[in-house]
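Beneath this line is the structure, given in structure tokens, with notes to follow.
Chain identifiers are assigned alphabetically (A, B, ...) following the order of the sequence lines, protein sequences preceding nucleic acid strands; residue numbering begins at 1 within each chain.
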Number of protein chains: 2
Amino acid sequence: MGLDHGQWNEQEHEIVHRIRKRVIEVVGRNMELYGVTLSTGHLYGLLFFADKPMTLDEMGREMQMSKTSMSTGVRTLLDLKMVNKVWEKGSRKDLYEVEYDWYQTFTDYFANEWRSAVESNLQVLRRAVKEIERLLGSEDTSEFARGVLERDLEKIRQAEKYYRWLDRLIDAMEDGEIFDLVPREP
Amino acid sequence: MGLDHGQWNEQEHEIVHRIRKRVIEVVGRNMELYGVTLSTGHLYGLLFFADKPMTLDEMGREMQMSKTSMSTGVRTLLDLKMVNKVWEKGSRKDLYEVEYDWYQTFTDYFANEWRSAVESNLQVLRRAVKEIERLLGSEDTSEFARGVLERDLEKIRQAEKYYRWLDRLIDAMEDGEIFDLVPREP
DNA sequence: AACTTTGTACAGTTTTTACTGTACGTACTT
DNA sequence: AAGTACGTACAGTAAAAACTGTACAAAGTT
């Protein structure tokens, strides 16, 4: 697990390895909530315990997986801002380490993933509202169609309200207001 | 799309169908954030516009999919509390309709999915902390191992803090406190 | 009690996703 | 300029997930 075997005995190494493995396992598993693969979650766990930034080759060795997989895994985590690329002079390999500010990770996740979902939804909903309103205003629309359209419109309006709320919630996460309501531990 | 063709002309039906389809498409797509399949997302969209609770057979007909798929899809949505089972006397089929309170849906999602993730993580982390503390207290642990263990312990403690925060955030969602910070629209 | 209808378990198939190995472009070294 | 090391694009393969059809248990009807 990337630990120097020279300076301690095999038994101690085993114990640390076992503890880490269990933590990595559960952290990795629950990362599926962020929509990442189990193995990408494990990669994250590996980086979490690494005492220094790691290269793709090192990750591949530890994970017993191809460098290609490490490359794609790391990129996923970069997109989620869960790991950072680190520069170290002298090395021309790319180095990566986890973002240890998990509050930041959490709020970034919403700012990235949820925001774009909310925006695209709102856009489509607004367009649908417009179109329905146009139809309701038209002479040619039958009474029966009016009924259907009005019910749809009401539903869509409700959905819009919800998405606007979600948008504001994401704002509150992005600008840290959320920590007024639910404070961090010191 | 489950609409009675008798009472309006084909053209009107086409228009409504097109509008709904676009909304269903985007709602369904973004439901992948909740970890559900695209087709389950579409099923949700279908139910969203349905003017009455639907049976599995009706869903299958509309979605052009097997009843088995509808059964599993609906169950997924039930687990997420995104649809409700509805009773209607006279019918011995199960009927389902969407939960229109999307605020509720959102907070339930966190209360269900995220809560269990947080709890399992905390449990494992606490256990790891205990074990590390025991090792640090032992005479047999080498200096080098102490260094490693102390660094791990610090990381795990940070993680614990974060999860406790998340736990409180989920509390705030569950009991509606979140709406004090980010109010619903009237 | 025999017959229907309904929902789902299960096995098999198709589709999608994850993963690997090779091949190559870029950039640094000599 | 030739050589080397690095990351990733791409194509192929392995693994996983989604979906279907059949079969059957449970509950209702005749």
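Partner of A:E25 under the salt bridge (charged side-chain N to carboxylate O under 4.0 Å, His left out) criterion, out of A:R22, A:R29, A:K21: A:R29 alone.
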Working for side chain to side chain contact (heavy atoms under 4.5 Å, CB included), residues A:M31 and A:T37: CA-CA 8 Å; A:M31 275 183 64; A:T37 309; over 6 Å; no
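In this structure, the ring of A:F106 has its center less than 6.0 angstrom from the ring center of B:W114.
Boundaries of the chain A contact region on DNA chain C are C:dA18 to C:dC28, first to last in 5' to 3' order (nucleotide atom under 4.0 Å from a heavy atom).
Under a hydrophobic clustering in which Ile, Leu, Val, Met, Phe, Trp and Tyr are joined whenever their side-chain heavy atoms come within less than 4.5 Å, directly or via other members, B:W102 and B:L78 fall into the same cluster. A:L38 and A:I24 fall into different hydrophobic clusters, where Ile, Leu, Val, Met, Phe, Trp and Tyr side chains are chained together by heavy-atom contacts under 4.5 Å.
Evaluation of the salt bridge (Lys or Arg N to Asp or Glu O under 4.0 Å) test over residues 100-118 of chain B, restricted to residues two or more places apart or in two chains, returns B:R115-B:D167, B:R115-B:D171, B:R115-B:E174.
Within residues 68-80 of chain A, the residues having any heavy atom under 4.0 Å from DNA chain C are, by residue number, A:T68, A:S69. Contact check of residues 28-44 of chain A against DNA chain D (heavy atom, cut-off under 4.0 Å) returns no residues at all.
B:E131 and A:R18 are joined by a salt bridge, as a carboxylate oxygen and a charged side-chain nitrogen come within less than 4.0 angstrom of each other. Of the charged side-chain nitrogens involved, at least one lies within less than 4.0 Å of a carboxylate oxygen, so that B:R164 and A:E185 count as a salt-bridged pair.
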Nucleic acid footprint by protein, nucleotides 25-30 of chain D - heavy-atom cut-off 4.0 Å, B for base, S for sugar-phosphate alone: ---S--
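With sequence neighbours excluded, no residue forms a ring-ring contact (aromatic ring centres under 6.0 Å, His included) with B:F49.
Using modelled atom types, one finds a donor on one side chain and an acceptor on the other under 3.5 Å when comparing A:E12 with B:S142.
Here D:dT20 presents its P atom at 13 Å from CG of B:L56, a figure rounded to the nearest Å.
Ring geometry, A:W165 versus B:F179: the interplanar angle falls from 30° to 60°, so the pair is classed tilted. Using a 30° and 60° split on the angle between ring planes, B:Y100 and B:F48 fall in the tilted class, from 30° to 60°.
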